[in-house]
Amino acid sequence: MSRYNFKESERTWQAAWEAADCFRATEDATRPKYYVLEMFPYPSGRIHMGHVRNYTLGDVVARFKKAQGFNVLHPMGWDAFGLPAENAAIENNVPPAAWTQENIATMRRQLKSMGLSYDWGRELATCDPDYYRHEQRMFLDFLDNGLVYRKESWVNWDPVENTVLANEQVIDGRGWRSGALVEKRQLSQWFLKITDFAQELLDGLEELDRWPERVRLMQENWIGRSEGAHVDFALAGRDDSLAVYTTRPDTLFGASFCAIAANHPLAQELASDQPVLGEFIAECNRLGTSEAAIETAEKRGYDTGLRAIHPLDNSWQIPVYVANFVLMEYGSGAVFGCPAHDQRDLDFARKYDLKVTPVVAPKGIPAADFTIGDTAYLEDGTLINSGFLDGLDVATAKARVIDRLEYIGRGTRAVKYRLRDWGVSRQRYWGCPIPVIHCEDCGVVPVPRDQLPVELPVEVDFDTPGNPLDHHPTWKHVDCPTCGKPAVRETDTFDTFFESSWYFARFCNTATEEPLDRAAVDHWLPVDQYIGGIEHAVLHLLYSRFFTRALKKCGYLSVSEPFVGLLTQGMVCHQTFRDANGKWLFPSDVTVDGGQARHRETGEAVKAGRSEKMSKSKRNVVDPETIIDSYGADTARLFMLSDSPPDRDLEWTDAGIDGAWRYINRLWRLAAEEGAPSESPPRGVPASLGDDAMALVKQTHQTIEGVTGDLDKFHFNKAVARIRELTNGIDRLVGGSESDIWARRFALETIVLLIAPMTPHLAEAMWKALGRRSGLVVEQAWPTADSGYLRDDEVTVAVQVNGKLRGTITLAKDAPNDEAEQAALSLDKVQSLLGNGPPRKIIIVPNRIINVVA
RNA sequence: GCGGGCGUGGUGAAAUUGGUAAACACAAGGGACUUAAAAUCCCUCGGCCGUAAGGCCUUGUCGGUUCAAGUCCGACCGCCCGCACCA
C-alpha cells in the first residue's frame with residue numbers, strides 16, 4: 001500500500017475547488033449568513049506558524065459552517081502599510097511599494113498552499129490607493145461630524161521610529177515595536193474623538209458575551225471609568241479658582257494641601273515670576289514616564305505660596321503645591337490631598353510636614369482612639385471630624401457632600417475616563433496621507449473630495465533622516481483649494497491601525513466606488529466570528545469598535561459592534577537553546593541525548609531553555625513552508641488543532657508533526673483498502689446489525705453528535721480525539737459479516753465528513769477512494785446524528801462504598817432505583833465491606849453512580 | 001500596588017460542570033514482521049506494596065463543606081497576563 005501522496009492530492013483538490021468556485025460568497029437571502037474573519041496579516045515577507053494556526057482555526061470554522069448550510073463569507077487581505085517596508089527600503093534600497101507587493105505575492109502563494117477556503121475575489125491591500133482613498137473620505141466625514149480635531153499636545157515620541165505613538169502603542173514606557181524608551185514631545189497632531197464614545201464602548205462590552213472575559217476586562221480597565229466630583233477651591237487673593245477632580249469627596253474635611261501638575265496652566269503662569277518654580281517644572285518634564293522612572297522617582301513638591309480656600313469652610317486655607325506625581329492628562333491636572341486616606345498623599349504630607357487628619361474611622365472604633373501611622377486608611381468606615389458628615393458611611397457621605405457642593409455652587413458630580421483620544425498622525429512615508437492642506441491665510445483646509453485620493457509619491461528619498469514626505473522636493477507643494485495661494489500638504493500619514501479599523505466592512509463589497517456598500521454591509525455585518533491574537537485586546541479591537549460607531553454616526557452602516565464573536569488564539573511556542581555565552585542556538589544545531597543537550601558540531605553542553613514564542617531573535621522558528629513541503633498542509637493543519645485548545649499556547653514539536661502525519665496515512669490506508677463499494681449505490685442499513693456492528697454504528701452517531709458540539713465550541717482538540725477514537729473503533733471491528741462491513745464503511749464515510757474542515761484535501765482524496773463521486777466533500781452537508789442510536793440501552797454504573805469506588809455494574813438504562821440498589825448490594829466486594837450490618841444510607845444517581853454508606 | 005487567570009502522569013491534554021481522574025495522543029520500554037532498516041501491527045506505561053489475586057496513595061500545599069471534591073469555600077505557595085504616580 002503506497003503512502004498518501006499529499007503533494008499530488010493537495011494540488012489536485014485545490015485546483016478542483018478553484019474550478020468549482022466553491023468559496024465565492026454572494027448575498028443569498030435563503031440561507032443564514034455567517035461571516036468568519038481572521039485578523040489579516042502584515043506582509044512581512046513569509047508566513048509564520050502563528051499565521052498557520054490562526055488561518056487554520058478560521059478555515060475550520062468557515063468550512064464547518066458552510067457544511068452546516070450557512071452562507072459563509074470568508075475573505076482575506078493585507079494590512080500593508082507600516083514601518084518594516086520603510087526599513088527594508090533603507091536597508092535594501094527597494095521602494096516600499098515594491099517590497100510590499102513582493103511579500104504579498106509570496107505570502108498569497110503560501111496561504112494558497114494551505115488550502116484555505118477564502119473568497120480570493122475579495123482580496124484587498126490597504127496600501128492600494130483604491131483602498132486608502134476611501135479612508136481619506138471617511139476622515140473628511142469625521143471632520144464634518146466633529147469626530148476629529150487637531151491639537152498641540154504632549155505626545156509619545158519614539159526616537160528609533162522617529163514618529164509619534166498612540167497611548168495604546170506604549171508598553172511599559174517603550175515603543176510597542178521598537179522597544180525604545182519613549183520621549184515626551186510637544187507636537188501638533190490629529191486626534192480622533194474616541195473619548196466621545198467612552199461610555200458606549202464600556203456599555204457595549206456587556207453584550208459581547210461571545211468575547212473572552214479577559215479581553216473585555218482589559219478594555220474595561222483601559223477605558224477606566226471612575227465616578228467622583230469636580231471641586232472648586234477658591235484661591236486666596238485671586239479671582240480665579242482651582243478645579244480638582246476626586247473620587248473621594250467624602251474626605252474633603254481631611255484635606256491638607258492641593259497639588260497641581262507641572263504643566264498645569266496655573267503652574268506655568270506662576271513660574272513666569274518664580275524662577276525656582278520654573279526650574280522645578282523643567283525638572284519634572286525631564287523625568288521619564290517609564291515604569292522604572294516612576295518607581296525610583298521621589299514624590300516631590302514645590303510650595304507655590306498660593307493658598308486655596310476650603311470649599312466648605314471659608315476660614316480654612318491650605319497650601320497649593322506643584323507636584324511631580326500629578327498628571328496633567330488625567331482629571332483636571334489638580335488634586336486635593338487627604339493624607340489620612342491616601343498612601344501617596346500621606347507620604348507627601350510626612351515629607352513636607354503637613355497635617356494628617358483622619359476623617360474616616362473603622363466601624364466601632366471611637367474617633368478619639370483612631371490615629372494614622374505610616375499607612376493610610378483606605379477602607380469603609382464612619383465619618384469623623386467632618387461636620388455635617390459625621391456618623392455617615394463612606395458611600396452616603398460621598399452623596400451628601402456632593403449634594404452640598406452642588407447646592408453652594410462649589411462642585412459637581414463627575415465621571416472620568418482613563419481613555420485618551422486617539423492620536424493618529426505619524427511622521428512616516430509608508431502610510432495613508434492625511435488629506436488636508438495647510439494655508440497661511442486659510443489655515444487647515446480639507447482636500448476637496450473630488451481631488452481624492454491624495455496619493456503617495458513613488459520617487460522618494462530614504463537617505464535623509466526624517467519623514468521622506470516632508471523633504472520630498474515637490475509633493476507637498478500645492479495651491480490652497482480655497483484661496484489659490486501656494487500652500488503645503490500635511491506630510492503626516494495615518495497610524496496604520498486606521499486601515500485595520502474598517503477593512504472588515506470593506507470586505508462586504510470590495511468593488512464598490514463608495515467607501516462602503518450599504519446594502520452589503522447591512523447584509524454581512526457584524527462579523528460572526530473573529531479570530532486572532534490576544535495582543536490586540538486593546539489596540540486593534542478597541543479602535544475597530546470605535547471606528548464602527550464613528551462610521552455609523554456618519555451614516556455608513558447600522559451596526560455598533562463589528563465583531564460579535566471573538567476567539568483569541570494562543571502563541572506557537574518552541575523549545576529554546578543557549579550556549580555557555582548565552583547566545584541563542586537553532587534547535588537544528590542541538591542534539592539531546594540522555595537529557596543533556598549538546599551542540600551538534602562542537603559537542604559542547606548547551607542549556608535547554610523553556611519553550612517560548614517562536615521568534616527570529618530566539619532562533620526557535622520553524623518555517624511553515626518547509627513543513628508543508630515535507631508533510632503537506634493537512635498534516636500541519638491537523639497538528640495545529642490536535643493537542644492544545646486554541647486559546648492556549650501551542651508547543652511545537654517534531655514528534656507531534658510526525659504523529660499527525662502518521663494518522664493522516666492511517667486514514668488514507670483505511671480508505672484506499674476499503675475502496676469503492678461493491679454495489680452501486682451501496683446498500684442501506686442492513687435489516688439486522690450484529691452486536692459489534694451495532695456498537696460501531698452507535699459510536700459513529702455519538703461521534704457525529706460530539707464533534708458537532710466540539711466544533712460549535714471551538715474544542716478542536718477534543719473533536720480530533722473523538723475522531724481518532726472512532727478510527728480505533730473501526731480497527732477493532734474485524735468481523736466479515738455483511739453488517740460488520742456495512743458498519744465499517746458507514747463509520748469511515750462519516751469520518752471523512754467530520755474531518756473535512758480540518759484536513760480538507762485528505763477528505764476529498766478519501767471520498768474519491770471510497771467511490772463517492774457524487775461531488776466534492778466540500779459540497780456535502782454536515783452529517784446529523786440519529787437520536788435513535790444515541791441512546792444506550794445499557795449503562796455502566798459505578799458502585800462506591802463510603803465514596804470509594806469498589807466496582808461497576810451494568811444495568812438497563814433508567815433501571816428503577818430498587819433494582820439498581822439490589823444489584824449494587826449483591827456485589828461481593830460491597831457485602832464484605834458492609835459486614836453483616838445494613839447500610840446506613842444509599843445514594844443513587846440514576847445511570848451514573850451508587851454510593852453505599854456503611 | 002490594583003485587576004484577572006492558571007497549577008492534573010515523563011509531555012500535550014481530557015474529565016458530561018459535584019458523580020468511575022488521566023479519554024485521545026506524544027515520548028519511553030518490550031515484542032511481531034524484515035537479511036537489515038523504514039513503515040506497520042500487538043503489549044506495557046501515575047506512584048508505592050505484593051509472585052499473584054488484590055490493597056493503599058494520587059489533581060501545587062494545608063484545612064473546610066458534602067454520601068461524594070480536580071471541580072465549591074478559606075488560607076498559603078508558585079507561575080503567567082493586563083494596568084499602573086489615575087487623584
Contacts of Thr808(A) and Val852(A) projected onto RNA chain B by closest heavy atom; the upstream (5') one is Thr808(A)
Measure from the ring center of Tyr352(A) to the ring center of Phe257(A) and say whether it is less than 6.0 Å. no
Would you please test Arg722(A) and Asp710(A) for salt bridge (Lys or Arg N to Asp or Glu O under 4.0 Å) and show each step? CA-CA 9 Å; Arg722(A) 263 185 236 275; Asp710(A) 289 337; 2.6 Å; yes
Distance in angstrom units between Gln219(A) CD and C83(B) C1', rounded: 14 Å
Rounded to whole Å, CH2 of Trp222(A) lies from C1' of G3(B) at a distance of 15 Å
Whether Arg662(A) contacts C26(B) is assessed here as follows: a side-chain N or O lying under 4.0 Å from the phosphate OP1 or OP2. Is that the case? yes
If I pick the P atom on G10(B) and the same atom on C48(B), what distance separates them, to the nearest angstrom? 10 Å
Under-4.0 Å side-chain N/O to phosphate OP1/OP2 contact, Lys829(A) with G54(B): no
Just to be sure I understand the rule, does Thr653(A) reach a base, reach only the sugar-phosphate, or reach nothing, if contact means heavy atoms closer than 4.0 Å? nothing
Heavy atoms only, 4.0 Å cut-off, all strands: where does Lys718(A) land among base, sugar-phosphate and nothing? sugar-phosphate
Salt bridge Asp731(A)-Arg666(A), side-chain N to carboxylate O under 4.0 Å: yes
Could you work out the separation of U44(B) and U20(B) based on their P atoms and round it to a whole Å? 23 Å
Write down the distance separating the P atoms in C73(B) and G4(B), rounded off to the nearest Å. 14 Å
Taking OP1 and OP2 of A13(B), is either one under 4.0 Å from a side-chain nitrogen or oxygen of Arg724(A)? no
Length of the CG-P vector between Leu217(A) and C6(B), whole Å: 13 Å
Can you check the distance between A36(B) and C45(B), where both ends of the measurement are the P atom (answer in whole Å)? 29 Å
Mind checking the P distance from A37(B) to G29(B)? Whole angstroms is fine. 15 Å
Answer with base, sugar-phosphate or nothing: what part of the nucleic acid does Val538(A) contact at a heavy-atom distance below 4.0 Å? nothing
Same-atom distance (P) from U16(B) to U71(B), integer angstrom: 13 Å
Describe the nucleic acid contact of Glu725(A) in one word from base, sugar-phosphate, nothing, applying a heavy-atom distance below 4.0 Å. sugar-phosphate
Is there a donor N/O on one and an acceptor N/O on the other, under 3.5 Å, for the side chain of Asn221(A) and the base of C83(B)? no
If you find the nucleotide of RNA chain B closest to Ser644(A) and the one closest to Val170(A), which residue's nucleotide is nearer the 5' end? Ser644(A)
Which part of the nucleic acid, if any, lies within reach of Arg806(A) when heavy atoms closer than 4.0 Å are counted: base, sugar-phosphate only, or nothing? sugar-phosphate
Check: Phe639(A) ring centroid to Trp661(A) ring centroid under 6.0 Å: no
So, does Asn717(A) get its side chain near the phosphate of A14(B), meaning an N or O under 4.0 Å from OP1 or OP2? yes
State the pairing partner of G54(B); accept Watson-Crick or G-U wobble contacts with both distances under 3.5 Å, and report none otherwise. C49(B)
With a 4.0 Å cutoff (strictly under), does any side-chain N or O of Tyr245(A) reach OP1 or OP2 of A87(B)? no
Considering just the side-chain nitrogens and oxygens of Arg344(A), establish if one lies under 4.0 Å of OP1 or OP2 belonging to C86(B). yes
Examine A25(B): is either OP1 or OP2 under 4.0 Å from a nitrogen or oxygen in the side chain of Asn728(A)? Give yes or no. yes
So Trp652(A) and His574(A), would you call those rings parallel, tilted or perpendicular, with 30° and 60° as cut-offs? perpendicular
Under 3.5 Å for both donor-acceptor distances, Watson-Crick or wobble: does C72(B) have a partner, and if so which one? G64(B)
OP1 or OP2 of A84(B) less than 4.0 angstrom from a side-chain nitrogen or oxygen of Arg418(A), does that happen here? yes
Is Thr246(A) touching bases, backbone alone, or none of the nucleic acid, heavy atoms closer than 4.0 Å? sugar-phosphate
Between A87(B) and G7(B), how far is it from one C1' atom to the other, in whole Å? 37 Å
For the CZ atom on Arg418(A), are there more than 12 heavy atoms of other groups (residues, nucleotides or ligands in this structure) within a distance under 6.0 Å? yes
Look at all strands and tell whether Asp342(A) reaches a base, only sugar-phosphate, or nothing, counting heavy atoms closer than 4.0 Å. nothing
Indicate, with a heavy-atom threshold strictly under 4.0 Å, whether Arg722(A) touches base, sugar-phosphate, or nothing. nothing
If anything within 90° of 0 is syn and all else is anti, what is G47(B)? anti
Can you tell me how far P in A38(B) sits from the matching atom in C33(B), rounded to whole Å? 15 Å
Taking all non-hydrogen atoms of both residues into account, name the closest pair between Thr357(A) and Ala340(A) and its distance. O-CB, 3.4 Å
Looking at C86(B), which nucleotide sits across from it as a Watson-Crick or G-U wobble partner, both distances under 3.5 angstrom, or is there none? none
Categorize Val845(A) for me: base, sugar-phosphate, or nothing, with a 4.0 angstrom heavy-atom threshold over every strand shown. base
